[in-house]
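For reference, the structure is listed below as structure tokens.
Throughout, a chain's letter reflects where its sequence line sits, starting with A, and its residues are numbered from 1.
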Amino acid sequence: MNVRAPKGTADMLPPVARAWEYMTRTAQELFARYGYEPVYTPLFEHTDVFVRSIGEATDIVSKEMYTFEDRGGRSITLRPEGTASVVRAAIEHNMVPTGSSAKIYYSGPMFRYERPQKGRMRQFWQIGLEALGMPEPSVDAEVIAVLMEFYERIGIPRENMRLLVNSMGDAFCRPPYRDKIADYIRDHADSLCEECVRRAASNPLRAFDCKNPGCREVMSTAPLLRDELCPECEEHYGAVKSYLDALGIAYEEDPSLVRGLDYYTRTVFEVQADAGLGSQNAIGGGGRYDRLMEEFGGPATPGLGFALGFERTLLALEAAGVEIPSHPIAEVYVARVDSSVALRAFEIAASLRSAGIASELDHQARSLKSQFKQADRLGARLTVIVGPEELTVGEATVRDMLTKSETRVAIDALPAHVMEMLGA
RNA sequence: GUGGGUGUAGCUCAGUUGGUUAGAGCGUCGGACUGUGGCUCCGAAGGUCGCGGGUUCGAGUCCCGUUACCCACCCCA
């Protein structure tokens with residue numbers, strides 16, 4: 001029996017799981033304030049959903065998907081990202097009738113078959129949101145604002161992050177530019193790595209991402225999409241930046257920002273953290289996908305969204321020294337002097353819990369001293385001492401763990417009395 | 001898929017040029033204080049030294065293989 005979790009997966013033990021819930025809670029409250037509603041889609045889809053949306057030539061589709069055949073002979077894939085499923089669901093349920101819009105968010109695990117490293121897991125968690133049906137540039141700025149506000153709220157200092165933005169053009173200006181880059185790559189084939197030359201055919205823009213010094217050199221003088229945008233895209237991009245300026249959100253333009261999903265049009269953005277992460281330093285990112293729903297066979301509906309990674313965000317939080325808020329495990333500890341009063345102690349703890357007070361007690365007949373140690377460790381503010389002596393007159397002793405003062409209280413009045421002490 | 005690093009107690013790690021019974025700190029449990037926590041002191045429990053083979057009188061230590069994890073490349077959250 002192999003008792004290890006599969007490669008690239010991790011059990012989330014209480015400290016991490018608490019952080020997960022904290023991030024989820026923060027996102028839910030924030031997203032609701034911007035009018036987003038939750039959606040849960042399946043963790044797996046027909047393989048086609050991802051191939052057609054993310055793109056055949058992307059790394060995700062060509063080598064990172066968890067794909068298998070189910071017992072009915074269908075090709076099924078564990079979702080590698082969230083947008084494709086959301087868009088599929090939006091079409092299936094006609095969530096965005098012509099002329100209307102929808103704002104939705106999701107969270108949960110995603111799956112990609114890769115070699116794990118710092119900030120990269122085979123099962124990793126994301127929260128994301130999608131704004132469907134709205135082509136206006138103010139929506140781009142609003143979505144970016146939500147993302148930045150999320151990080152601010154959970155406590156990552158702004159100076160630890162960089163917001164990168166770029167425009168990928170649209171169906172009119174990108175194809176000619178793609179051809180231009182493909183030509184450029186072919187013209188310089190002898191000074192580029194073979195990977196980049198191969199990309200000329202499938203995904204030429206990706207050559208901008210290559211870390212090879214020779215390729216960087218060549219690509220640094222390549223024509224930039226920024227200079228080839230059609231007037232409409234140029235105007236849209238300019239407006240997005242104006243709205244960001246109006247919100248006081250600082251950003252850097254990065255003309256080489258080319259994200260690894262084919263469906264993006266116009267605005268793309270990425271947030272990088274400079275502390276706590278290894279080389280996987282993108283903690284969140286997203287972009288606009290105005291053609292995606294149409295390509296899926298749905299109505300022509302523009303869309304835009306982002307996703308942020310739990311694991312990487314937690315690394316950035318730890319680097320910033322952020323304390324994850326938590327509640328004490330027990331407000332009240334019920335200690336018993338000896339086993340003759342075990343039953344009464346059990347009843348008292350139950351009555352406190354019924355009154356809504358988080359209470360803990362020892363089930364293992366440990367010494368009174370170790371029960372106090374336990375009370376201390378759990379962060380209990382009060383300890384109720386149940387002993388034969390007090391019981392003869394129907395009372396118990398309540399000890400304030402901070403002031404060390406003790407009072408005798410009638411057992412019947414205990415829940416009310418304890419609540420009063422905790423409230424004070 | 002490629003490369004590098006590391007596997008010794010629940011956790012973090014020592015362990016000399018190979019040498020007898022493998023250690024420390026933290027944590028856990030007990031005691032000092034026979035009905036009272038955080039500090040201190042004392043004690044106890046807890047280990048197939050990742051696994052398999054080889055060299056050797058003798059391997060935690062050296063060699064080979066294997067496996068797991070970590071980090072990096074590629075790409076991304």
Side-chain angles (χ1 to χ4, degrees), chain A residues 2-10 13 23 54 57-64 79-83 107-128 147 193 195-196 198-199 203 206 208-212 215 257-261 268 270-273 277-286 305-316 333 335-338 340-341 362 364-391 396-406:
Chain A
N2 186 353
V3 292
R4 291 192 117 94
K7 180 192 284 289
T9 69
L13 303 184
M23 285 190 268
I54 297 168
T58 60
D59 283 350
I60 292 177
V61 169
S62 63
K63 58 184 188 190
E64 295 172 0
R79 63 179 187 190
E81 57 107 43
T83 301
S107 69
M110 307 293 165
F111 308 85
R112 290 181 205 172
Y113 190 89
E114 300 179 271
R115 284 286 281 267
Q117 68 190 69
K118 193 179 185 69
R120 171 194 285 160
M121 301 293 281
R122 287 181 173 180
Q123 174 177 322
F124 59 101
W125 290 66
Q126 289 186 334
I127 296 181
L147 181 60
C193 70
E195 176 70 19
C196 284
R198 198 172 327 122
R199 279 168 177 161
N203 202 345
R206 205 57 89 51
F208 281 109
D209 275 344
C210 191
K211 305 288 195 295
N212 184 307
C215 298
L257 178 63
V258 176
R259 297 173 51 80
L261 298 90
V268 291
E270 186 167 297
V271 179
Q272 299 182 349
L277 290 282
S279 51
Q280 313 306 322
N281 64 347
I283 56 177
F306 70 68
L308 65 95
F310 278 63
E311 288 84 358
R312 293 184 187 180
T313 300
L314 181 56
L315 290 172
Y333 192 92
R336 65 195 204 194
V337 170
D338 60 50
S340 74
V341 296
D362 172 49
Q364 301 173 71
R366 285 192 287 196
S367 71
L368 191 62
K369 179 202 287 287
S370 72
Q371 292 180 65
F372 269 93
K373 282 186 179 173
Q374 188 68 10
D376 198 48
R377 207 168 20 233
L378 297 177
R381 284 176 53 197
L382 302 174
T383 295
V384 173
I385 303 151
V386 184
E389 190 186 303
E390 295 95 323
L391 273 183
T397 302
V398 179
R399 177 182 177 89
D400 184 309
M401 297 300 276
L402 271 180
T403 66
K404 299 185 175 190
S405 65
E406 297 186 354

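- Where stacking is scored as ring centres under 5.5 Å apart with planes under 30°, A:F310 does not register as stacked on the base of B:A77.
- Residue A:Q280 has no polar side-chain atom (N or O) positioned under 4.0 Å from OP1 or OP2 of B:A77.
- Nucleotide B:A9 has no partner under the Watson-Crick or G-U criteria, as no pair reaches both atom distances under 3.5 Å.
- Taking atom P in both B:U55 and B:A59, the straight-line distance is 11 Å, to the nearest Å.
- Put simply, CG on A:D59 is 11 Å from P on B:C74, counting in whole angstrom units.
- A straight line from CE of A:M23 to P of B:A77 spans 17 Å, rounded to a whole angstrom.
- Using a 4.5 Å heavy-atom cutoff, the side chains of A:T383 and A:V398 are not in contact.
- Using a 4.0 Å cut-off, some side-chain N or O of A:Q117 falls inside it from OP1 or OP2 of B:C73.
- Of the two residues contacting RNA chain B, namely A:E270 and A:Y113, the nearest-nucleotide position lying further toward the 5' end is that of A:Y113.
- Cation-pi geometry between A:R122 and A:Y113 is met: the NZ or CZ atom falls under 6.0 Å from the ring centre, inside 45° of the normal.
- For the P atoms, the distance from B:G7 to B:C51 is 14 Å, rounded to whole Å.
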Reading 5' to 3' through nucleotides 27-42 of chain B, protein heavy-atom contacts under 4.0 Å coded B for base, S for sugar-phosphate only, - for none: -SSSS-B-BBBB----
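- Here A:G119 lies in heavy-atom contact (under 4.0 Å) with a base.
- With both ends at atom P, the span from B:U12 to B:C69 equals 16 Å, rounded to whole Å.
- Looking at heavy atoms from C-beta onward, A:L308 lies out of side-chain contact with A:Q126 at the 4.5 angstrom threshold.
- Counting distance only, with no hydrogens placed and no angle test, the side-chain atoms of A:R120 and the base atoms of B:C75 include a donor-acceptor pair under 3.5 Å.
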Please write out the pairs of protein N or O atoms and N or O atoms of nucleotides 2-8 of chain B separated by less than 3.5 Å, giving the distance to one decimal.
| from | atom 1 | to | atom 2 | distance (Å) |
| --- | --- | --- | --- | --- |
| B:U2 | O4 | A:R115 | NH1 | 3.1 |
| B:U2 | O4 | A:R115 | NH2 | 3.3 |
| B:G3 | O6 | A:R115 | NH2 | 3.2 |

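- Between B:C33 and B:G23, the two P atoms lie 31 Å apart (nearest whole Å).
- Using N1 to N3 plus N6-O4 or O6-N4 for Watson-Crick, or N1-O2 and O6-N3 for G-U wobble, each under 3.5 Å, B:G58 pairs with nothing.
- The side-chain hydrogen bond (donor to acceptor under 3.5 Å, both in side chains) check on A:S367 picks up A:S370, with sequence neighbours excluded.
- If you take atom C1' in B:A44 and the same atom in B:G53, they sit 38 Å apart, rounded to whole Å.
- For the pair A:K118 and A:S279, the minimum side-chain heavy-atom distance is 4.5 Å or more.
- Using atom P as the reference point in both B:A68 and B:U28, the two lie 34 Å apart (nearest Å).
- Looking at A:L261 and A:E81, their side chains come closer than 4.5 Å, going by heavy atoms from C-beta outward.
- If you take NZ of A:K118 and P of B:C69, they are 17 Å apart, rounded to a whole angstrom.
- A:L382 approaches A:D400 most closely through the heavy-atom pair CD2-CA, 3.9 Å.
- For the P atom pair drawn from B:C70 and B:U8, the interatomic distance equals 14 Å after rounding to whole Å.
- A:F306 has its side chain out of reach of A:V271: every pair of non-hydrogen atoms, C-beta onward, lies at least 4.5 Å apart.
- Here A:K7 does not reach the OP1 or OP2 of B:A68: none of its side-chain N or O atoms lies under 4.0 Å away.
- Pairing for B:C70 is with B:G4, a Watson-Crick or G-U wobble pair whose two hydrogen-bonding atom distances lie under 3.5 Å.
- For A:R112 and B:C74, the CZ to P distance is 16 Å, given to the nearest whole Å.
- Rounded to whole Å, the C1' atom of B:G3 lies 33 Å from the corresponding atom of B:G47.
- The CZ atom of A:R4 sits 8 Å away from the C1' atom of B:G50 (whole-angstrom rounding).
- As a whole-Å value, the separation of A:L277 CG from B:C71 P is 11 Å.
- At a cut-off of 3.5 angstrom, the base of B:A77 holds at least one donor-acceptor pair with the side chain of A:E114.
- Looking at heavy-atom distances under 4.0 Å, A:M121 makes contact with a base.
- The base-pairing partner of B:A44, taking Watson-Crick or G-U wobble contacts with both distances under 3.5 Å, is B:U28.
- Between A:F111 atom CZ and B:A77 atom P there is a gap of 16 Å when expressed in whole angstrom units.
- Judged by distance alone, the side chains of A:E390 and A:T397 do bring a donor and an acceptor atom under 3.5 Å apart.
- Shortest non-hydrogen contact noted between A:E311 and A:F124 is OE2-CA, 3.3 Å.
- The nucleotide B:U17 finds no pairing partner, because no Watson-Crick or G-U wobble arrangement with both distances shorter than 3.5 Å includes it.
- In this structure the side chain of A:L368 reaches within 4.5 angstrom of the side chain of A:F372, judged on heavy atoms.
- The structure places CZ of A:R112 at 12.5 Å from NZ of A:K63, a figure rounded to the nearest 0.5 Å.
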